[in-house]
Amino acid sequence: MRRPPEYDGRLTHRILIAALLAALAAGTGARVQDPVPYRVITTDGTSLLPVHASTGASDIVTLDAAARLFRLLVRDDARAGGVVVVSGNDRVVLTAGQSTVSSAGRLVSLSAPVTRSGSTWLVPVDFLRALNRGIDVRRGSRLIVVAPAVVPRVTPQFERTATGGRLLLSIDPGVTTRVTRDGDVISVRFQASGLDVEPLSGAPADLIAGLRSDGASLLVDLGSAVTNVRGDDGLDAGRVTIELIGAPPTTAAPSLTPIAPLDRAPGIRTIAIDAGHGGDDLGARGADGTLEKDVTMAVAQRVKALLEARLGVRVIFTRDGDAPATADRRAALANNNKADLFVSLHANSSPVAAVRGAQVLSLDAGGYAGVEGAAPRSDAPALPVPVVGGGTRLIDAVPWQLAQLPHVSVSSSLATIMAQRLSGAGVTMHTTPVAVAPLRVLVGANMPAILIELGMLSNVEDATALATAAHLAILADAIALAIADVRFGIPPAATGGGHP
Amino acid sequence: MSVPWRWLIGGVIAAAIGVWVVALWLPGWLADDRPDSTSSAMLPGDPVPAQTRRIHASLFYVAASGDGLIGVDREVVYAPAPAAQARRIVEAQLAQAPEGQVSAIPAGAEVRSLFLTSRGEAFVDITAPLATNHPGGSLHEALTVYAIVNALTVNLPDITAVQILIDGREVDSLAGHIDLRHPIRRNPGIIR
């Protein structure tokens with residue numbers, strides 16, 4: 001039976017509408033999956049850098065968008081098959097298909113290769129670090145901080161106390177703060193251009209109803225049980241403590257297993273990644289110009305991304321971008337942030353060019369024999385320290401400059417596990433894969449700490465590998481796997497280390 | 001009156017002689033003497049000037065495996081005082097390696113001074129190139145440090161630990177790795 005002409009017309013019309021709706025729905029779905037743009041914070045304000053695509057290890061942006069935002073001059077270099085980016089007095093050379101860029105005479109490794117789509121250049125967002133303009137790219141929090149803007153990472157932690165609770169804010173880098181109260185809201189004002197606040201977990205709603213940031217202020221909404229508040233004004237620039245005092249219980253407290261306020265739950269929550277060297281301290285140098293400080297930071301960034309994505313742990317860096325940092329500052333950052341592990345990344349060098357391979361080191365306690373405070377003293381009295389709510393608790397004092405000594409055995413075990421993971425990933429290991437030495441950067445770390453020599457820059461094969469993104473990714477993956485292995489504790493290992 | 005004056009003048013002369021003797025000889029007893037113009041180290045078999053007395057000492061160079069040090073027997077200029085002898089040994093260790101050996105010491109490093117303490121510690125003050133010319137890496141740095149420390153502690157058993165100073169100052173490390181803030185003991189584990 002043949003349908004009337006007007007029926008065919010209505011059907012065609014409906015099909016077109018359905019197709020249009022389907023297209024709209026598909027479009028909406030695509031928009032939902034769009035990568036989250038980066039917030040770019042400068043001293044002039046905040047803007048957005050859209051992300052073109054996002055992969056497991058990197059976020060890709062268009063060079064045009066970055067050039068507009070950071071006022072870069074972009075020139076095609078047809079003969080070299082690349083593009084030259086001019087930033088002030090610096091020139092950065094990008095080549096399609098390459099995951100390293102040349103910046104002011106040095107090679108900088110990127111998390112993904114530079115590509116070209118038609119006339120559009122696509123670059124991983126960490127390319128911005130090669131511009132030597134103090135640009136800090138924080139992938140986990142989708143932030144780009146441009147110096148001299150200061151955007152501290154704020155990590156809130158809640159602890160139960162006998163009188164209520166305590167909100168601890170760890171601030172990295174440390175800045176001046178001011179704590180004020182307005183009704184049921186505590187305001188912590190930071191001397192900064194913005195804030196990078198991690199979520200708070202484990203706080204009861206009757207003490208802390210909410211935590212939010214507003215520009216350079218952190219606002220704490222107090223719960224109904226809070227009757228009084230005591231806060232310091234950032235006497236320590238890296239830390240703010242707010243005591244939340246609740247109403248006294250009206251009924252007898254049930255018999256609970258007491259938990260010491262300063263005890264911590266088992267498991268790794270914070271990891272300090274120490275990218276060796278930095279600034280004028282270039283570290284070792286490969287024959288091809290590869291610099292140790294760049295290799296260590298490139299691996300550190302990859303490890304951070306993997307750990308945050310896989311384990312959901314907090315990762316702190318001990319140096320800010322390419323800024324130099326002393327050994328004491330590196331250890332202090334880890335200690336003040338209560339890091340559970342300290343992993344220092346380096347690249348090695350030998351007077352014999354044929355020597356190659358990665359090596360994992362821990363502290364040689366024997367190197368400190370005879371140093372005052374190094375020998376354990378059974379007669380050393382514990383120090384009484386006053387605690388909130390009255391009374392004191394005894395703590396064992398550890399000389400801060402030798403804080404690693406109580407951890408050397410566990411650190412040695414961690415070194416063995418790390419070396420096994422690196423070897424298992426196919427990384428060429430040194431003839432002595434695990435070793436000990438009186439390492440300056442480890443001795444002040446008050447947690448299990450190791451130093452990984454990622455390879456020998458004095459060896460051609462190792463130096464070539466350390467300049468390739470694929471090899472750096474393998475190293476980072478193995479390091480992240482080893483850390484995942486010890487997430488709930490470091491098992492004792494029988495193997496000890498020789499000397500390097 | 002004349003007798004006390006004679007005693008006084010005699011006492012002053014005796015005190016002056018005492019001060020002269022102490023000023024002339026005490027630095028030599030406590031610290032090193034100045035280097036002479038001859039090289040501090042010679043290979044066995046090299047012609048020895050008749051009036052230059054020498055001792056045999058183990059100096060440390062990079063093992064062929066590249067991951068440790070080997071001791072090489074060399075002749076070093078003799079010095080009567082322990083501090084002076086220690087200085088000769090370090091000078092020989094910092095000098096160019098003999099043929100066939102690789103030195104772990106960066107070029108240009110020289111001894112500025114060397115002091116011994118009654119506790120068996122040696123403080124070796126070396127010029128800045130030891131740090132500024134260092135190529136870096138924990139392995140290379142360990143080889144450099146322990147070449148110096150072992151050269152002193154192996155050859156002069158009264159020296160139990162060595163602290164390296166750079167241009168007269170305590171330093172954290174040479175290139176960011178080995179802790180030099182304290183005297184370092186001999187490391188037999190690095191000798192292959």
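Side chains are part of it too, since the values below use all heavy atoms of this structure and drop only hydrogens, waters and symmetry mates. Since we're looking at a predicted model, the values are computed, not measured.
- Across A:Val355, A:Val443, A:Leu457, the residue that shares the most heavy-atom pairs under 4.5 angstrom with chain B is A:Val355.
- Remark: A:Ser423 pairs with A:Met429 by the side chain to side chain contact (heavy atoms under 4.5 Å, CB included) rule, at least two apart or across chains.
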B:Glu141 vs A:Arg440, side-chain contact (heavy atoms from CB on, under 4.5 Å): CA-CA, chis, key distance, verdict: CA-CA 12 Å; B:Glu141 200 173 324; A:Arg440 178 66 181 89; over 6 Å; no
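- The two atoms that bring B:Leu139 and A:Asn348 nearest to each other are N-OD1, 3.0 Å, heavy atoms only.
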Taking only distance into account, with no hydrogens and no angle test, what donor-acceptor pairs under 3.5 Å do side-chain atoms of residues 279-286 of chain A form with protein atoms, sequence neighbours excluded?
{"unit_1": "A:Asp281", "atom_1": "OD1", "unit_2": "A:His277", "atom_2": "ND1", "d": "3.0"}
{"unit_1": "A:Asp281", "atom_1": "OD1", "unit_2": "A:Gly283", "atom_2": "N", "d": "3.3"}
{"unit_1": "A:Asp281", "atom_1": "OD2", "unit_2": "A:His277", "atom_2": "ND1", "d": "2.9"}

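- For the pair A:Pro351/B:Leu143, a side-chain contact is recorded, criterion being any heavy-atom separation below 4.5 Å from C-beta on.
- In terms of heavy-atom proximity, B:Ala64 sits nearest to A:Val352 at O-CG1, 4.1 Å.
- The number of heavy atoms from other shown groups lying within 6.0 Å of CD (A:Glu461) is above 12.
- The distance from the CZ atom of B:Arg185 to the OH atom of A:Tyr368 is 13.5 Å, given to the nearest 0.5 Å.
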Pair A:Glu453-B:Ser138, side-chain contact (heavy atoms from CB on, under 4.5 Å): steps then yes or no: CA-CA 8 Å; A:Glu453 293 284 6; B:Ser138 64; 2.6 Å; yes
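- Contact annotation: the side chain of B:His177 never approaches that of A:Leu442 to less than 4.5 Å [non-hydrogen atoms, C-beta and beyond].
- Interface residue B:Ala63: only backbone heavy atoms are found under 4.5 Å from chain A.
- Within the 4.5 Å cutoff, the side chain of B:Ser65 has no heavy atoms near those of the A:Thr431 side chain.
- For the atom pair CG of A:Asp364 and CG of B:Asp179, the computed distance is 11.0 Å after rounding to the nearest 0.5 Å.
- Heavy-atom pairs under 4.5 Å with chain A peak, among B:Ile184, B:Asp172, B:Val62, at B:Asp172.
- What you find for A:Ser350 and B:His140 is that their closest heavy atoms are C-ND1, 4.0 Å.
- The greatest number of non-hydrogen atom pairs below 4.5 Å with chain B, out of A:Gly276, A:Ser349, A:Ala354, is found for A:Ser349.
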